[in-house]
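Below: the structure, in C-alpha cells.
Protein chains get the first letters and strands the later ones, always in sequence-line order, with residue 1 at the start of each.
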4 protein chains.
Amino acid sequence: MKKNRPKYKQIIDAAVEVIAENGYHASQVSKIAKKAGVADGTIYLYFKNKEDILVSLFQEKMGQFVETIEQEIETHSNASDMLLTLIQVHYHQLAKDHQLAVVTQLELRQSNKELRLKINDVLKGYLMVIDKIVEKGMNDGSFNEHMDRRLVRQMVFGTLDETVTNWVMNDQKYSLEEQATAVHGLITQGLTK
Amino acid sequence: MKKNRPKYKQIIDAAVEVIAENGYHASQVSKIAKKAGVADGTIYLYFKNKEDILVSLFQEKMGQFVETIEQEIETHSNASDMLLTLIQVHYHQLAKDHQLAVVTQLELRQSNKELRLKINDVLKGYLMVIDKIVEKGMNDGSFNEHMDRRLVRQMVFGTLDETVTNWVMNDQKYSLEEQATAVHGLITQGLTK
Amino acid sequence: MKKNRPKYKQIIDAAVEVIAENGYHASQVSKIAKKAGVADGTIYLYFKNKEDILVSLFQEKMGQFVETIEQEIETHSNASDMLLTLIQVHYHQLAKDHQLAVVTQLELRQSNKELRLKINDVLKGYLMVIDKIVEKGMNDGSFNEHMDRRLVRQMVFGTLDETVTNWVMNDQKYSLEEQATAVHGLITQGLTK
Amino acid sequence: MKKNRPKYKQIIDAAVEVIAENGYHASQVSKIAKKAGVADGTIYLYFKNKEDILVSLFQEKMGQFVETIEQEIETHSNASDMLLTLIQVHYHQLAKDHQLAVVTQLELRQSNKELRLKINDVLKGYLMVIDKIVEKGMNDGSFNEHMDRRLVRQMVFGTLDETVTNWVMNDQKYSLEEQATAVHGLITQGLTK
DNA sequence: AATGAATGAGCATTCATTCAT
DNA sequence: GATGAATGAATGCTCATTCAT
C-alpha cells in the first residue's frame, strides 16, 4: 500500500509547505520534490499526477479533520452542544495549523473545476457529520423540525467556511477559536431577538 | 470615457460567455476577442491586460447587482423584510443569468490571489449593504443587539454564497429563488425551535 | 516637395529626441508622432514607413554634416591640414549635439541589416570626402603614394567612428574635440617613432 | 559543469548557424533548438534566456579568439611583429569562419544596449592584448612614447573592425588575410610618406 | 491634409510528465 | 525503487500600418 510508505506522507507534507509558502500557481512539482527530498520522477511513483497530490493532500488532512470532530462530538448527547463542539474543533484544527488553513481556504480554491469537484467529494464526509447533528436535533425536538436539511447544512458550512476564510485573509490576526460561541449563537438563535 | 464606448461592454459580455463555456483556464484573450467580434489588439485599447478584463467584468456586474438590491430594499422599512428582499434579489439576479452565475461562483475563484483581492474589494460594496440592514435591525430592536456585526455579515454572505455555489454545482437543477424564504427563516430564526 | 513642409523636419527632430531618450527599441512610431505633435497616421503622409523615418533622419543630418566638413576643408590647401580639419569638424559636430551622437553611434546600429545597408549608402558621401583628401595627399606627394585607398579610408573612418563611440559609451565625460590633434598625429605618423 | 556537456556547444554552434542564415531578428529560439537537434525547453537547461545564448556564444568564440592570438604573439619578441601577427590572426580567424564573421560583425550588433554592454565586457580581454603590445613597443622605444594609449587602442581596434565589417558587407569577395601587411603598414607608418 | 481607432501577426518561456539508466 | 535530463505544447501582449471619416 503506497499510502503507508514514508515518502507518501513526506511528499504531501512538502506540498502543504510549498503551497503555503509560494501559493498555488507557483508550486511546481519540482519544488515539492525538492522540499520532500526526492527526485521529480519519484513523485510519479506515488501519485498519478500533480492533481492527485492535491486531492490526496485534501483527503489525508480532511480525513483526520472529520475523524477528530466525530470523536469529540461523541462525548455529547445534545445536538446544540454537538454543534458547538463541531464549530470549536473546526476552528481549533485550522487555528493550530496556519499553513494548512492557508492551503485549504485560499490556495486550493484556485484549482480548476475538476479538482474542485473531487475536493467536494472529499468534503461530503464532513457535510454528513453536520447532517447527523441536524438530524438528531430535529428528531429530538431541540431543532426546528420544518427546516430543509440541505439548506441547514449549507448555512452551517457556508458560515464556518466564510468565517475561516476571512480570518485567513486578515492574516489570522484575531482569535478564530474565541468566535466559536458567538457563531454558535448566531446559527442556533438567528438574528432575531 | 472608455467604459461608455460600445466595445467595452461587448468585450465584457464576450468574456462572460467564453469563461462560462470554456472555463477560466481555457479562456484565452484571443477567444474573447473573437467572440466579441474585435481584433485581439482591440482588447488592449479598452483593458490594461487580461486580469483587467476580469476585474472590470466583476465590477460592472457586481455594480448593477448592488444597485438593484439597494433600490429594492428601499421599498421596505423593516430590517427583516429588507433581508428577505436582499436574499430574493440576490438569488433572482443570478438565477436569471446562468452564465454569470457560473462565472462568479466557480470560474473567477480560480484566479490568482491578486485578482481575488481586487474582487474582494468590489465585494465590499455588497457587504456594506448587508451591514446596513443588520445595523438597522439592531438599532430598532428587531434584531438581537448583542451580535458581532462582522460575524453576522459573514454568516449572511457565507450562507448565500454557499447556497448559490451548490445550486450552480448541481447544474442549477432546482429553483434557487424558491429557497429564499426558507433561507431567510434559517438566518433570522436559527436552528432552534 | 514633402521635405520642405514643416512637419517633415518636425518629425525627424522628434525621432532624434525620442530615440535618444528611449533607445531604438522603445521608440514606437506613436511616441514620435506624439513628440512631433501630429497624429500617428500623419507620419505616413511624409514617410513610407518607420525605416524611412530613420533613413531620412540619417540623410538629413549626414547631409549637413558632410556639407559643413566640405566647406571647412576648402579653406585649406594641404592634405594633412584638411585631414585635421575633417577630424576636428567631425568631432565638433557630434560633441555639440549629444542626442544626435547617441542616436548615430549607438541606437541606429541596432537596426536590421537592410536599414544599415541604406545608412551605409548615405555614408558614402562622407567616405568620398575622405577619399578626396587622401587622393590629394597621395598626388602631391605629402602622403605615401603606395597605399591602398580603400584601406586608408577604412582606417580613417574606423578610427574616427571607434573614438566617437567610445566617447559616447563613456557618457561623453571627456572632451572629444581635444583629442583631434592626437588622433591626427596617430593617423598621419602611425605608431612607429 | 554545463559548459562541458556536449549540448552546450551544440546549441551555441546552432545559434551561429541560425543567426548567420536568418539574421538576428529572425532567429527564434525554436529555430536554434531545431537546428541543434534538441527540444525548445532543453535550451533553458543550459542557458538562462535567449540573450544568455548570445552572450555565451560571444564569450566562447571570443575566448578562443583571444587565446589563439595570445599564443601566436608569444612567438615574437618585437612589438611591430606582434602587431602584424595580431592583425593576421584576427583576419585569419574570421576569414576561416564566414558564418561567425557575419554574426559578430553584423548580426550581434543589432542587439539591445544591455547585450552590447555585455559584449563589450568580453571584448575587454581582446583590447588588453592590444594594450600590451602597444605598451611593449612604447617601452622598448620601437613605438612613439608620447602616444595616448587609449587612442592607440581605439585606432587599432577601429581599423581592424571597420576593415572586417567592410569585407563582410561586400560579401567577403576579396581576401581579408592578404590585406594584413598593408593594414599593418598603415597603422605603424601612418599616411605620411 | 489630418486624424486615431482598429488591426493581427509574431515569440520567449514554463513546467508537468516521461523514460533510459 | 529512484533518478533527473529531456521534452514540447501552449499564450498574453506589442506596435507598425491602414483607412474611414
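- Contact annotation: C/Lys7 reaches the phosphate of E/dA2 (side-chain N/O to OP1 or OP2, under 4.0 Å).
- An OP1 or OP2 oxygen of F/dC15 is reached within less than 4.0 angstrom by no side-chain nitrogen or oxygen of C/Ser30.
- Across all strands shown, D/Val29 has heavy atoms under 4.0 Å from base atoms, whether or not it also approaches the sugar-phosphate.
- From A/Phe58, atom CZ reaches atom CG of A/Leu100 across 9.0 Å, with rounding to the nearest 0.5 Å.
- Note: CD1 (A/Ile53) to P (E/dT17) measures 8 Å, nearest angstrom.
- Projected onto DNA chain E by closest heavy-atom contact, C/Val38 and B/Leu45 fall at different nucleotides, the more 5' of which corresponds to C/Val38.
- B/Glu51 has its CD atom 16 Å from the C1' atom of F/dT11, to the nearest Å.
- Following rounding to the nearest Å, B/Asn22 (CG) and F/dT11 (C1') show an atom-to-atom distance of 15 Å.
- With A/Phe47 as the partner, the side-chain contact (heavy atoms from CB on, under 4.5 Å) test is satisfied by one option alone out of A/Ile12, A/Leu57, A/Ile32: A/Ile12.
- With F/dA2, E/dA2, F/dT7 as the choices, the nucleotide that has an atom nearest any side-chain atom of A/Thr42 turns out to be F/dA2.
- Note: A/Asp40 CG to A/Lys34 NZ = 10.5 Å, rounded to the nearest 0.5 Å.
- Spacing between atom NZ of C/Lys34 and atom P of E/dA2 amounts to 20 Å, rounded to whole angstrom units.
- Smallest separation of non-hydrogen atoms from C/Arg5 and C/Tyr46: NH1-OH, 3.5 Å.
- Among the heavy atoms of the strands lying under 4.0 Å from B/Tyr46 are primed sugar atoms or P, OP1, OP2 only; no base atom is included.
- Heavy-atom distances to DNA chain F give each of B/His25 and A/Ile43 a nearest nucleotide, and the one nearer the 5′ end belongs to A/Ile43.
- Ring geometry for C/Phe65 against C/Tyr126 counts as perpendicular: the plane angle is over 60°, on a 0 to 90° scale with 30° as the lower cut.
- As a whole-Å value, the separation of A/Asn49 CG from E/dC15 C1' is 14 Å.
- For the atom pair B/Leu123 CG and B/Arg116 CZ, the distance stands at 11.5 Å (nearest 0.5 Å).
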Report each atom pair, protein N/O against N/O of nucleotides 18-21 of chain E, whose distance is under 3.5 angstrom.
none

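- Listed pair B/Lys31 / F/dT11 fails the phosphate criterion, with no side-chain N or O lying under 4.0 Å from OP1 or OP2.
- Which of E/dA12, F/dG12, F/dA16 sits closest to the side chain of D/Gln28 comes down to E/dA12.
- D/Phe47 has its CZ atom 15 Å from the C1' atom of E/dA12, to the nearest Å.
- Taking atom OH on A/Tyr8 and atom P on F/dA2, their separation rounds to 15 Å, with Å as the unit.
- Contact annotation: the side chain of C/Val103 never approaches that of C/Glu17 to less than 4.5 Å [non-hydrogen atoms, C-beta and beyond].
- Contact between the side-chain N/O atoms of D/Lys50 and the OP1/OP2 oxygens of E/dT13 is not found at any separation under 4.0 Å.
- Looking only at distances, no side-chain donor or acceptor of D/Lys50 sits under 3.5 Å from a matching main-chain atom of D/Val29.
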5'-to-3' dot-bracket of DNA chain E (Watson-Crick, G-U; under 3.5 angstrom; crossing pairs as [ ]; | other strand): .||||||||||||||||||||

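- The distance from atom NZ of A/Lys118 to atom CG of A/Asp52, rounded to the nearest 0.5 Å, is 7.0 Å.
- The residue among B/Ala26 and A/Ala39 whose nearest nucleotide of DNA chain F is located toward the 5' end is A/Ala39.
- If you take CD1 of C/Ile32 and P of E/dG4, they are 17 Å apart, rounded to a whole angstrom.
- The main-chain N or O of C/Gln110 is never found under 3.5 Å from a side-chain atom of D/Arg109 such that the two would form a donor-acceptor pair.
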